[in-house]
Amino acid sequence: MRGVVLPGGSRVELREFPDPVAGPGQAVIRIKASSICGSDVRAIYREHLGKGPEGYIDGTIGGHEPCGQVETVGPGVTSVRPGDRVAVYHIAGCGLCRDCRGGFMISCSSPQRAAYGWQRDGGHADLMLAEERTLLPLPEPLTYEDGALVACGFGTAWQGILRADVSGRDRVLVTGLGPVGLATLMLSVASGAEVIGVDIRPERRAFAQELGAMATLDPGDALEGIAALTRGTGVEVAIDCSAAASARQLCLAAVGQWGRVVFVGEGGEVTFAPSPSLIHHQLTLHGSWVTGVGQMQDLLALLARKELHPDRIVTDRFSLDQTGEAYRLFDAGETVGKVVVIP
Ligand SMILES: [Zn+2]
Ligand SMILES: [Zn+2]
């Protein structure tokens, strides 16, 4: 089979690999869609900067947002059969530690923990070997691209929304309208909230309007704009998906008394004075990292029931042998929404 590795130095290599064979508790998935996440570019593609859970093992097939159809199953597998459409939770934890038992295999502390596309082969390939415990049925009418986007990006957005307990009572500020920000917008709107989106790029703001944002603002006049839109009360919830210091500060400044703020965007740094910006406003600040398997299953069910398709934010599609071009355009900021590789 073919698989794509990311050697660093903004290089992408298509190589031949032996077809994987499913051992006990494993399944081989025929990949139908494999989307690119910002963290693939930030921590692997440019240079191998990631450490610990973001460490990339040289020669590993990239792609941690896979989705496809079960090809074969190994001994003892009971929940999926060949031909089943499956979404993949993108980290295989030990399954036994406290975090794994709670479904948060992302936070597994065992040395066995391995993320697809980082420490074990991922979805930029024809086939992928997966652990049964990371597989979830992909319900109709969701597409393979929908499933791929849920594996990391939409799952991460969903968990941020759960952390802030977003509902129809809330006005939600989303800073950074890249793929995770657009996902946060779509899922906040689906939760009944009114959403204000902030991004530097006008084409992203326009896309956010199409996806149901109540208003979108340039960061330069965002704070005044939010004050005007909320008649001075501020929003109830702010979720940063940009990792920019100024956007994180905007989130803290834009919520009203007792507001809830979630930091989802990865990397960077921020400084703020806790007393005036956090304590005296009685704010709650959450850090939220990916999601749990159960929460991902709930999200798939919700998307299917509402016939809401994450693939609406896909703007660029490439074949497996064009993966290099896909990464180059995504890294160059020449894409607006999500970039998907289709083997
Ligand atoms: Zn990711
Ligand atoms: Zn574990």
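Order of listing sets the numbers, starting from 1, for every ligand and every atom in it. These numbers were taken from a predicted model, which means no experiment stands behind them. In what follows, residues are counted from 1 in the order of the sequence shown.
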Between Asp316 and Thr335, is there a side-chain donor-acceptor contact under 3.5 Å, judged purely by atom types and distance?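 No pair is found: no donor N or O on one side chain lies under 3.5 Å from an acceptor on the other.
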With a cut-off of 2.8 Å, does any N, O or S atom of Cys152 fall short of it relative to the Zn ion (ligand 1)? yes
Where the Zn ion (ligand 1) is the vertex, angle from Cys37 SG to His64 NE2 to 10°: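 Rounding to the nearest 10 degrees gives 110°.
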Going by an N to O cut-off under 4.0 Å, is there a salt bridge joining Glu210 and Arg205? no
Filter on ring-ring contact (aromatic ring centres under 6.0 Å, His included), then keep only pairs touching residues 324-343, sequence neighbours left out; what's left?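 Found Tyr45-Tyr327, His124-Tyr327.
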Hydrophobic cluster of Ile57, others only, ordered by chain and residue number, side-chain cut-off 4.5 Å: none
Stacked cation flag Arg2 on Phe17, 6.0 angstrom / 45 deg: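 Arg2 over Phe17 ring: no.
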Phe272 six-ring face occupied by Arg248 cation (under 6.0 Å, within 45°): no
List-wise, which protein N, O or S atoms are found short of 2.8 Å from the Zn ion (ligand 2)? Cys94 SG, Cys97 SG, Cys100 SG, Cys108 SG
Non-neighbouring partners of Arg42 that pass side chain to side chain donor-acceptor pair (under 3.5 Å), sequence neighbours left out: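 Arg42 satisfies side chain to side chain donor-acceptor pair (under 3.5 Å) with Glu54 once adjacent residues are dropped.
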